[in-house]
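Note that the coordinates shown come from a computational prediction; the quantities given were computed from them, not determined experimentally. Convention: sequence-line order gives letters A, B, ...; per-chain numbering from 1.
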Amino acid sequence: MPEGPSLVLLREEAQRFVGKTVRAAEGHAAFDAARMTGRRVRDVRTWGKHFLLGFAGFSLRVHLLLFGSWLIDARKPRPPRLALRFARGELNFYGCSLRYIEGELDQAYDWSADVLSDAWSPRAARRKLLAAPERPVCDVLLDQDIFAGVGNIIRNEVLFRIRVHPESRVAALPPDRLSALIREARRYSFEFLDWKRAGVLKRNWQVHARQSCPNCGRKLRTTYPGRTRRRTFFCPRCQPRYA
DNA sequence: ATTCATGTTGTGAT
DNA sequence: TATCACAACATGAA
């Protein structure tokens with residue numbers, strides 16, 4: 001579930017708790033959930049795949065990892081990893097990683113890296129990419145320091161849309177493909193968000209978990225390339241490899 | 001029942 | 001030191 005756009009939806013749903021006071025916070029013993037009890041939520045933000053609940057002086061960071069989920073005003077049969085109760089309503093997290101971030105979030109995060117942020121900077125992304133010329137594009141797209149919020153689905157879809165083979169190296173990309181990579185990482189992330197919100201995301205996948213190329217009809221290839229070894233779908237005909 | 005997957009971090013080997 | 005392979009975590013869908 002949790003690529004960047006899904007976190008935006010969580011942020012929107014959690015917005016109603018801003019200004020409210022945590023009446024009870026329960027979690028597993030290893031995490032000091034009680035620290036939030038009696039404290040007022042200042043703001044709700046996201047950075048890439050991080051969900052951030054701001055309190056005076058510190059923030060809660062929730063990372064949903066691969067299987068994480070949340071429920072608002074509802075519970076699963078299993079106890080939540082973290083339950084935040086307010087006078088009206090509750091926010092429950094499952095299967096996630098919890099941490100506190102001390103101080104201001106603007107110190108802790110490079111907001112220009114978040115593809116879904118107003119502060120997103122294509123120029124900063126380009127600079128980071130040019131500093132990593134030998135890396136394959138399949139790896140850099142998942143690099144959260146460059147493209148925070150991009151996950152495996154977005155990566156596969158972006159590479160198909162810009163017609164670039166996943167194992168192309170950054171330095172070998174023609175200038176217009178490098179620009180397209182940066183532009184499409186953000187553009188498709190918002191498209192993902194719209195489709196997710198409308199409940200039509202899967203049906204709009206062009207290559208992810210698909211069998212054949214929507215452009216030429218050939219059978220798609222599935223590989224596990226690069227450092228990350230994540231499942232990669234691509235069309236060997238429509239996505240030329242720039243070595 | 002078993003396998004797999006929208007993710008990240010830490011450990012130990014090379 | 002750098003890079004890697006792998007484990008660990010957790011959960012719902014196919």
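At a threshold of 4.0 Å, the pair Arg227(A)-Asp143(A) does not count as salt-bridged, since none of the basic side-chain nitrogens sits closer than that to a carboxylate oxygen. At a threshold of 4.0 Å, the pair Asp73(A)-Arg85(A) does not count as salt-bridged, since none of the basic side-chain nitrogens sits closer than that to a carboxylate oxygen. By the 4.0 Å N-to-carboxylate-O rule, Glu191(A) lies close enough to Arg161(A) to be salt-bridged with it. A salt bridge is absent between Lys196(A) and Glu3(A): the closest approach of a Lys/Arg side-chain nitrogen to an acidic carboxylate oxygen does not fall below 4.0 angstrom.
A close approach under 4.0 Å does not occur between any side-chain nitrogen or oxygen of Arg99(A) and OP1 or OP2 of dT9(B). For dT6(B), neither phosphate oxygen OP1 nor OP2 lies less than 4.0 angstrom from any side-chain nitrogen or oxygen of Lys49(A). Between Arg230(A) and the phosphate of dA5(B), there is no side-chain N or O to OP1/OP2 separation shorter than 4.0 Å. A sub-4.0 Å separation between OP1 or OP2 of dG7(B) and a side-chain N or O of His63(A) is absent.
Nearest to the side-chain atoms of Tyr94(A) among the listed nucleotides dT6(B), dG12(C), dT11(C) stands dT11(C). In this structure, of dG12(C), dC9(C), dA5(B), it is dC9(C) that holds the atom nearest to the side chain of Leu65(A). The nucleotide whose nearest atom lies closest to any side-chain atom of Arg78(A) is, among dT8(B), dT11(C), dT6(B), dT11(C). When distances are taken from the side chain of Arg61(A) to each of dT11(C), dT9(B), dT6(B), the shortest belongs to dT9(B).
With rounding to whole Å, Leu98(A) atom CG is found 19 Å from dG7(B) atom P. If you measure from atom CZ of Arg210(A) to atom C1' of dA5(B), you get 16 Å, rounded to the nearest angstrom. The distance between atom CZ of Phe51(A) and atom P of dT8(B), rounded to the nearest whole Å, is 17 Å. Taking atom CG of Asp143(A) as the reference point, atom C1' of dT8(B) lies 13 Å away to the nearest angstrom. Rounded to whole Å, atom C1' of dT6(B) lies 8 Å from atom NZ of Lys196(A). Counting to the nearest Å, the C1' atom of dT8(B) and the CG atom of Asp145(A) are 13 Å from each other. What separates CG of Leu201(A) from P of dT6(B) is a distance of 12 Å, to the nearest Å. Rounded to whole angstrom, the span from the CZ atom of Arg227(A) across to the C1' atom of dT8(B) amounts to 14 Å.
Pair assignment for dA13(C): dT3(B), on the basis of Watson-Crick or G-U wobble contacts that are both within less than 3.5 Å.
The C1' atoms of dT6(B) and dA5(C) are separated by 23 Å, rounded to the nearest whole Å.
Between Cys96(A) and Arg229(A), the residue anchored closer to the 5' end of DNA chain C is Arg229(A), taking for each the nucleotide with the nearest heavy atom. Each of Lys202(A) and Arg81(A) was matched to the nucleotide of DNA chain C holding its nearest heavy atom; the match closer to the 5' end belongs to Arg81(A).
The residue Tyr224(A) sits close only to the backbone: its heavy atoms come under 4.0 Å of sugar-phosphate atoms, none of a base.
His165(A) has its ring centre less than 6.0 Å from the ring centre of Phe234(A).
Using cut-offs of 30° and 60° for the angle between ring planes, the His50(A) and Trp47(A) rings count as perpendicular.
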